[in-house]
Amino acid sequence: MRWSKAFIPTLRDDPADAEAASHRLLVRAGFIRQLMAGVYSMLPLGFRVRAKVMGIIREEIEAIGGQEFLLPELHPREIWERTGRLEAMRDILFTLEDSRGGELVLGPTHEEIFTTIAGELTSYRQLPQLWYQIQTKFRDEPRPKAGLLRVREFTMKDSYSFDIDAEGLDRQFDAHFDAYTRIFERLGVPAIPVVASSGAMGGSGSVEFMVASEAGEDDVAHCPSCGYAANVERATARPFPVEDGEPAAAPERFPTPGVRTIADLETFPGGAVAERQIKTLVYMLDGEPTIVLLRGDDALMEQKLQDVTGAVEVRPATGSEIVELLGASPGSLGAVGLQDVRILADEALRGRRNMTTGANLDDHHLRGVDVERDIAVSEWVDVRTVRAGEPCPSCGEPLEVFRAIEAGHIFKLGTKYSEPLGATVLDAEGKAVPIVMGSYGIGVERNMAAVVEVHHDDKGIVWPVSVAPYEAVVTIVKVSDTDSWETGKRIYEELLALGVDAIVDDREERPGVKFNDAELIGFPYRVTVGPRGLADGVVEVTERRSGTSEEVVVAAAAARVADQIAAAKALL
RNA sequence: CGGGCUGUAGCGCAGUUUGGCAGCGCACCUGCUUUGGGAGCAGGGGGUCGCCGGUUCAAAUCCGGCCAGCCCGACCA
């Protein structure tokens, strides 16, 4: 490609609205443009990177036996009703009507559609199957952000495995785990696998591949000592022990005028430190009021509450709902003596005595509460949020918590979709059994962004060779100089002949503009051709990552670059 | 969905408080000079000031409504 003919609209200034490094740099270097919130156009450079990312993903999924499909974006609403996900995913579904009044869904994921096709599988002898596609997804995210990291329309590689039993699923899951590990290595994205919540996807287990980055939206609890890693939506820890002191014979009510929060009660005379309080929350789980009890210093992890109860809709109760249920207002709530209401208590409260909690009477609290004696707990659950520094659940060393980008997610679905959609095969005994499924997703554009988050410096992007829009740029310093022009064009042609993905900067711009653009865009190698070097018969080969340059005689330049690229690729 | 902020040329912004010719830098076009790290001089083009309505002799500016975008939050009873 000749740069003078290309559409590469680099910006001298940072775009005002871009916060995340990947957002700022991808816009500024001319890879993407925003159309509206969470919707981006791929410009030619962005399109090339996207194609290379997809190519790597495709190779690795083909390598584990994947067969490529292309499914529709338009889905009938009815199929989403059958699996219950019209409700479960309602908030993020784009829906529309066709001209005959038919109700349609724009596909946010394709379990339903692939499972429908899998209905044509009839015998266990046809299994296992591994099907995939690379295709557009639509999700009406409540808050798109950070450029390509969280968008409403994006490309995903989604694959689906079909097996006769759990052992088969385990094999396909493990194969994907390995394939994903290779994909992230080749992309240059340092992703670590973590235990994850399955969320709206359902199923028995899932692993997320997480890239540590402040631009991410998830928190990962990680143990540097033993390697334990989990999304905080799932992470557990051994709570710090608390000394409860002498148990009281019975709860004692005392007035606490004006006390509304845990913090208030800590400083109130006769109150208690947060660790000795019971936090009483009221939630509506699919419309059913439920009391959730936590230690005063713990925070609820809503996703855990959803996972542990299986509820589809989880929301805090409103003030009026709380007063109707308990007869008291938030700030004075407590579960002592409550009957006929579901009470979930966090494990951190088990065995605790001499606790302080609301009295269910405005402006009053109880002290001397023995959780197991005084509260009719329906279920003990783990719904607290793990914090940095807490002991690792497997080895006891302190956990660290870091922000991360979810680069990929693999799920063991089991029969969650095959049962309602009737995808069964006959087993060896001739009995119809639902197919055991898994699903596996990687966001293409999000991974482009993750690469940039990890690989950039103050000058711009530093693409790994594997996904760079072009592997090398030949910068002709002075296009009006005939020798420079001809030598530059020749080296460019030689690079192409050697299989290097190259672009030649033949623009009539000043050298500084060309160097800065090349570094902003982040081509891994630059060959600088100018009168100064040509006087000595040399050109300059510069590696973007290190910034180091070497002088190479003209005739050897292309081969030198090709060798370096080959060496870089060999490491991937 | 709640809170905050912002919409003025392709990009970055000033002007809005106190109504009175729509501006600056970069980018773009023409010419000359310049050419190894975002050039200089001269000339030039480009605007429904987010949209709709209102007030006024007069609205980018004041008032009302709407739309869009960004950031924070959406658990702390």
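Small disclaimer: the values here were computed from a predicted structure and weren't measured. In the text below, chain A, chain B and the rest are named by the order of the sequence lines, each starting its count at 1.
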Tell me which nucleotide among [options] gets nearest to the side chain of [X].
| X | options | result |
| --- | --- | --- |
| A/V513 | B/C71, B/A39, B/C76 | B/A39 |
| A/P316 | B/C75, B/C71, B/G36 | B/C75 |
| A/A299 | B/G38, B/C75, B/A77 | B/C75 |
| A/D517 | B/G38, B/C75, B/U35 | B/G38 |
| A/S480 | B/G69, B/U35, B/G37 | B/U35 |
| A/E519 | B/G37, B/A77, B/G36 | B/G37 |
| A/M36 | B/G69, B/A77, B/U35 | B/G69 |
| A/V282 | B/C75, B/A77, B/C11 | B/A77 |
| A/D13 | B/C71, B/G69, B/G12 | B/G12 |
| A/R143 | B/C71, B/G36, B/A39 | B/C71 |

With heavy atoms under 4.0 Å as the rule, sort [X] into base, sugar-phosphate or nothing.
| X | answer |
| --- | --- |
| A/T475 | nothing |
| A/A535 | nothing |
| A/R387 | nothing |
| A/G533 | base |

Can you tell me, in whole Å, how much space there is between the [atom1] of [N] and that of [M]?
| N | M | atom1 | answer |
| --- | --- | --- | --- |
| B/A9 | B/C29 | C1' | 15 Å |
| B/U16 | B/G23 | P | 15 Å |
| B/C71 | B/G40 | P | 35 Å |
| B/G47 | B/U6 | P | 27 Å |
| B/G10 | B/G4 | P | 31 Å |
| B/G73 | B/U61 | P | 34 Å |
| B/A39 | B/G45 | P | 25 Å |
| B/G64 | B/U55 | C1' | 11 Å |

For a quick check, tell me whether the side chain of [X] and the base of [N] share a donor-acceptor pair closer than 3.5 Å.
| X | N | answer |
| --- | --- | --- |
| A/E509 | B/G38 | no |
| A/R532 | B/G37 | no |
| A/E540 | B/G36 | yes |
| A/R12 | B/G12 | no |

ask   = Checking A/T385 side chain against A/A299 main chain: does a donor-acceptor pair fall under 3.5 Å?
value = yes
Is [N] paired to anything, Watson-Crick or G-U wobble with both distances less than 3.5 Å, and if yes, which nucleotide?
| N | result |
| --- | --- |
| B/C26 | B/G10 |
| B/G46 | none |
| B/C57 | B/G20 |
| B/G64 | B/C52 |
| B/A39 | B/U33 |
| B/G73 | B/C1 |

inquiry  = Here's a test for you: under salt bridge (charged side-chain N to carboxylate O under 4.0 Å, His left out), which of A/R510, A/R507, A/R526, A/K459 qualifies with A/D517?
reply    = A/R507
Taking atom [atom2] of [N] as reference, at what distance in whole Å does atom [atom1] of [X] sit?
| X | N | atom1 | atom2 | value |
| --- | --- | --- | --- | --- |
| A/E551 | B/G36 | CD | P | 15 Å |
| A/R403 | B/C72 | CZ | C1' | 12 Å |
| A/L11 | B/C13 | CG | P | 12 Å |

inquiry  = Any side-chain N or O of A/Q34 below 4.0 angstrom from OP1/OP2 of B/C70?
reply    = yes
inquiry  = Ring of A/F254, cation from A/R367 - is the NZ or CZ under 6.0 Å from the centre and inside 45° of the axis?
reply    = yes
key: Cation-pi geometry met for A/R446 and A/F154 (6.0 Å, 45°)   = no
inquiry  = Quick one, A/R403 with A/E214, criterion salt bridge (charged side-chain N to carboxylate O under 4.0 Å, His left out). Give me CA distance, side-chain angles, the key distance, then yes/no.
reply    = CA-CA 5 Å; A/R403 292 292 266 179; A/E214 280 308 306; 5.2 Å; no
request  = Please lay out, stage by stage, how A/E390 and A/R384 fare under the test salt bridge (charged side-chain N to carboxylate O under 4.0 Å, His left out).
outcome  = CA-CA 12 Å; A/E390 292 181 344; A/R384 65 185 294 276; 2.6 Å; yes
Centroid-centroid distance, A/W463 to A/F31, less than 6.0 Å = yes
message = Checking A/E453 against A/S22: is there a side-chain donor and acceptor pair closer than 3.5 Å?
response = yes
